[in-house]
Amino acid sequence: MADDNGKKLALQERMGQMGDQMKGSQAWASIFRPGSIFRKGYSDNPRNRSYVIMNSVLYHLHPVKVKRHAVKVSYTLCLGGLSFFLFILLTVTGIFLMFFYRPTAAQAWDDIQALQTAVGFGLIVRNMHRWAAHLMVLSVFLHMARVFYHGAYKPPREFNWVIGVMLLQLTLLLSFTGYLLPWDQLALWAVTVGTNMMGFTPVFGSQVRFVLLGGVEIGTDTLLRWYVLHVLMLPFVTVIFLAIHFWRVRKDGGISGPL
Amino acid sequence: MTEIPEHLRKRAEEARAKAAAAKGGGDAPAAEGTSGGSGEKVPAGLLDRGTPASTPPEGAAVVPTGPAQGSGPDGHNQRLLTVVKSGSIQDTKSTPVDKVHVWPHLLVAEFLAAIIITLFTTLFSIFVNAPLLEMADFNKTPNPSKAPWYFLGLQELLTMFHPMVAGVTIPGIGLFLLVMAPYIDKNPSRKPEDRKFAVCLMTVHLMFWSVLVMIGSFFRGPGFNFVFPWNSGLFFEL
């Protein structure tokens, strides 16, 4: 028994030594900048708490300090952050799906079917992509409502509200372009209803519809067009708007104060 | 030695003469100094240092030992030229703001929220599969044909108005008003009790779309006719 304990202790000691050695190495110190919580000899004090942000990539997103009420979950409900996180989750799962999908009328549905039945984790990743997309529409909508009810769009935050409404529309477009891609009955007819509506744009309605569909009716060309919009163009535009949105949050003095 | 600008030299000479007169005539150099400050909130002691005494203090005249012999009242040889108030150079907040460190206070909350939403999505995806109906077929129109849920409000409007009004005009005006909200709403207050009208209007707006989406999602059956889901079942796919 005592021998067993001794062995355990020795193992623990060895592990500890190895950890110390690793953390003391030049490679480790080059990865984690001073103030990082993973750095050797990190201690919790105000100076290091500042360094954690100041010396990390997070400094692009967060200031060192925020107003106390801003971290109260009951004030923001985390909705903006959750929307952004869902966007990241959708990007990750979306990249996975892209490996197994070809946007042509002949192959799209079969690819999704194969993804669900023959690809490891294919079904759950597709499910996650779909449910996260619906959740994101919901969380962006709720985020907007929350911002309105707190009057957080008032000066100096007027323009950030405008960008936010753009982001809401981009979210809807992202979701809608993704809707067609599985190429099943649900996708085809939902998109038919949606694009028919856009065809009633005054003056150049039929042109709008033609550009959107890549033809007079939905087909392979539409699928390719919406695929490129969904995986490349709209995310690209969204990321730019997100960057401006986050930057403006800080430039306008952080999130709005308590009521 | 650097050249002293003409106006500064004159001013210094005047001040020196004044100080000499004060020393000779009365016994209130500090009072003289504060009145010279003309109501600026500068401590009298600071101003006093700025007025050089023509006659050195008693002790200094007797034993001139230090290497740098000051000409000021306390043996200082620097002068107060101007007082720069803090507000003119840096933005000082009059009221301190109660702040906390982002690490750990904000980051921990964000990290938790991210984990919770990931767990929720994963668990939901394990138990509920995304729909995949049979392959798209142009010759088989499903009845009813529904748009994605967030556009079902618009589809609902289609049953009431001309397609151009329902599909373009109404949502266009709605979006335009939404974008313009900060420029239309001139009320500076953020308190709910001060902005009852804005809150009412937004609530009506949100409720309008929510109710339309609900009706379009759950209360529309074959032919997009009105049905009760508890009688006819659900005609809704996410």
Side-chain angles (χ1 to χ4, degrees), chain A residues 46 49-50 52-53 62-68 71 73 78 81-82 85-86 89 109 112-113 116 123-124 126-128 130-132 134-135 137 145 148-151 153-154 158 161-162 165 169 172 175-176 179 182-190 192-194 197-198 200-202 256 259, chain B residues 97-107 109-110 113-114 117-118 121-122 124-126 128-138 140-142 145-151 154-155 158 163-164 166-168 175 178-179 181-183 185 188-192 195 198-199 202 206 237-238:
Chain A
R49 285 181 174 199
S50 302
V52 167
I53 301 299
H62 284 311
V64 168
K65 280 182 162 188
V66 289
K67 295 172 211 144
R68 185 179 292 278
V71 300
V73 174
C78 283
L82 280 183
F85 183 74
L86 284 168
L89 193 66
W109 190 85
I112 299 288
Q113 181 71 22
Q116 295 199 147
L123 179 62
I124 191 174
R126 176 172 179 245
N127 289 347
M128 282 175 76
R130 184 128 188 152
W131 302 136
H134 286 317
L135 262 182
V137 173
F148 188 92
Y149 285 123
H150 281 155
Y153 58 85
K154 304 205 165 185
E158 309 103 301
W161 167 269
V162 175
V165 176
Q169 291 175 59
L172 290 178
S175 177
F176 190 49
Y179 221 84
W183 201 245
D184 61 350
Q185 282 289 74
L186 181 63
L188 176 65
W189 294 100
T192 304
V193 172
M197 239 183 280
M198 293 176 195
F200 285 102
T201 310
S256 65
L259 294 175
Chain B
V97 184
D98 189 14
K99 285 191 165 187
V100 292
H101 272 104
V102 165
W103 169 261
H105 299 282
L106 181 57
L107 285 188
E110 282 179 343
I117 200 80
T118 309
T121 315
T122 311
F124 197 79
S125 301
I126 288 172
V128 188
N129 282 340
L132 183 67
L133 309 187
E134 61 269 42
M135 195 171 156
D137 187 348
F138 290 97
K140 266 199 286 180
T141 311
S145 291
K146 288 190 179 183
W149 63 271
Y150 36 84
F151 287 152
L154 293 179
Q155 200 176 350
L158 272 177
M164 202 187 91
V168 181
L175 265 180
L178 202 61
V179 168
Y183 306 102
D185 180 7
S189 172
R190 298 203 301 109
K191 289 189 166 55
R195 39 196 299 264
V199 166
M202 188 61 170
L206 295 183
E237 293 273 12
L238 262 176

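Any value given below was found using the heavy atoms of this structure, including those in side chains, with hydrogens, waters and symmetry copies removed. Owing to the predicted nature of the structure, the values given are computational and were not obtained by experimental measurement. Just so it is clear: chains get the letters A, B, ... in the order the sequence lines come, proteins before strands, and each one is counted from 1.
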Side-chain donor or acceptor of [X] paired with backbone N/O of [Y] under 3.5 Å:
{"X": "Trp109(A)", "Y": "Leu133(B)", "answer": "yes"}
{"X": "Trp189(A)", "Y": "Lys140(B)", "answer": "yes"}
{"X": "Trp131(A)", "Y": "Thr122(B)", "answer": "no"}
{"X": "Asn127(A)", "Y": "Ala130(B)", "answer": "yes"}

Hey, which of [options] has the most heavy atom pairs under 4.5 Å with chain B?
{"options": "Gln113(A), Gln169(A), Met198(A)", "result": "Gln169(A)"}
{"options": "Arg130(A), Gln185(A), His62(A)", "result": "Gln185(A)"}
{"options": "Val52(A), Val66(A), Thr192(A)", "result": "Val66(A)"}

Give, as side chain, backbone, both or neither, the part of [X] having an atom under 4.5 angstrom from any heavy atom of chain B.
{"X": "Leu82(A)", "answer": "side chain"}
{"X": "Arg49(A)", "answer": "both"}
{"X": "Leu172(A)", "answer": "both"}
{"X": "Ile53(A)", "answer": "side chain"}
{"X": "Ala132(A)", "answer": "both"}
{"X": "Tyr149(A)", "answer": "both"}

To check you understand the geometry: which heavy-atom pair defines the closest contact between [X] and [Y], and what is its length?
{"X": "Phe138(B)", "Y": "Leu188(A)", "result": "CE2-CD1, 3.7 Å"}
{"X": "Val168(B)", "Y": "Met197(A)", "result": "CG2-O, 4.3 Å"}
{"X": "Trp161(A)", "Y": "Val179(B)", "result": "CD1-O, 3.8 Å"}
{"X": "Phe85(A)", "Y": "Ile117(B)", "result": "CD2-CG2, 3.3 Å"}
{"X": "Arg190(B)", "Y": "Gly151(A)", "result": "CD-O, 3.1 Å"}
{"X": "Met164(B)", "Y": "Phe200(A)", "result": "CG-O, 2.9 Å"}

Open item on the list: Distance check, rounded to the nearest 0.5 Å: Glu134(B) atom CD versus Leu186(A) atom CG?
Closed with: 10.0 Å

Open item on the list: How long is the straight-line distance from CG of Asn129(B) back to CG of Leu123(A), given to the nearest 0.5 Å?
Closed with: 4.5 Å

Open item on the list: Tell me whether the NZ or CZ atom of Arg195(B) lies within the 45° cone about the ring axis of Tyr153(A) and under 6.0 Å from its centre.
Closed with: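 The answer is no, since Arg195(B) fails at least one limit relative to Tyr153(A).
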
Which atoms of [X] are under 4.5 Å from chain A, going by heavy atoms: the side chain, the backbone, both sets, or neither?
{"X": "Pro192(B)", "answer": "side chain"}
{"X": "Thr141(B)", "answer": "both"}
{"X": "Ala166(B)", "answer": "neither"}
{"X": "Leu154(B)", "answer": "both"}

Leading residue by heavy atom contact count with chain A [cutoff under 4.5 Å; candidates [options]]:
{"options": "Gln155(B), Met202(B), Glu237(B), Lys146(B)", "answer": "Met202(B)"}
{"options": "Pro104(B), Ser189(B), Pro163(B), Ser145(B)", "answer": "Pro163(B)"}
{"options": "Ala113(B), Ala114(B), Gly167(B)", "answer": "Ala114(B)"}

Quick check: do [X] and [Y] have side-chain heavy atoms less than 4.5 Å from each other?
{"X": "Phe151(B)", "Y": "Val193(A)", "result": "no"}
{"X": "Leu206(B)", "Y": "Phe148(A)", "result": "no"}
{"X": "Pro148(B)", "Y": "Phe176(A)", "result": "yes"}
{"X": "Lys67(A)", "Y": "Asp98(B)", "result": "no"}
{"X": "Pro188(B)", "Y": "Lys154(A)", "result": "no"}
{"X": "Glu110(B)", "Y": "Cys78(A)", "result": "no"}
{"X": "Arg126(A)", "Y": "Leu132(B)", "result": "yes"}
{"X": "Arg68(A)", "Y": "His105(B)", "result": "no"}

Open item on the list: Tell me whether the rings of Tyr150(B) and His134(A) are parallel (<30°), tilted (30 to 60°) or perpendicular (>60°).
Closed with: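 Answer is tilted, since the angle falls between 30° and 60°.
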
Open item on the list: Using the rule given for side-chain contact (heavy atoms from CB on, under 4.5 Å), can you reason through Val64(A) versus Val102(B), listing the C-alpha separation, both sets of side-chain angles and the distance that settles it, and then say yes or no?
Closed with: CA-CA 6 Å; Val64(A) 168; Val102(B) 165; 6.0 Å; no

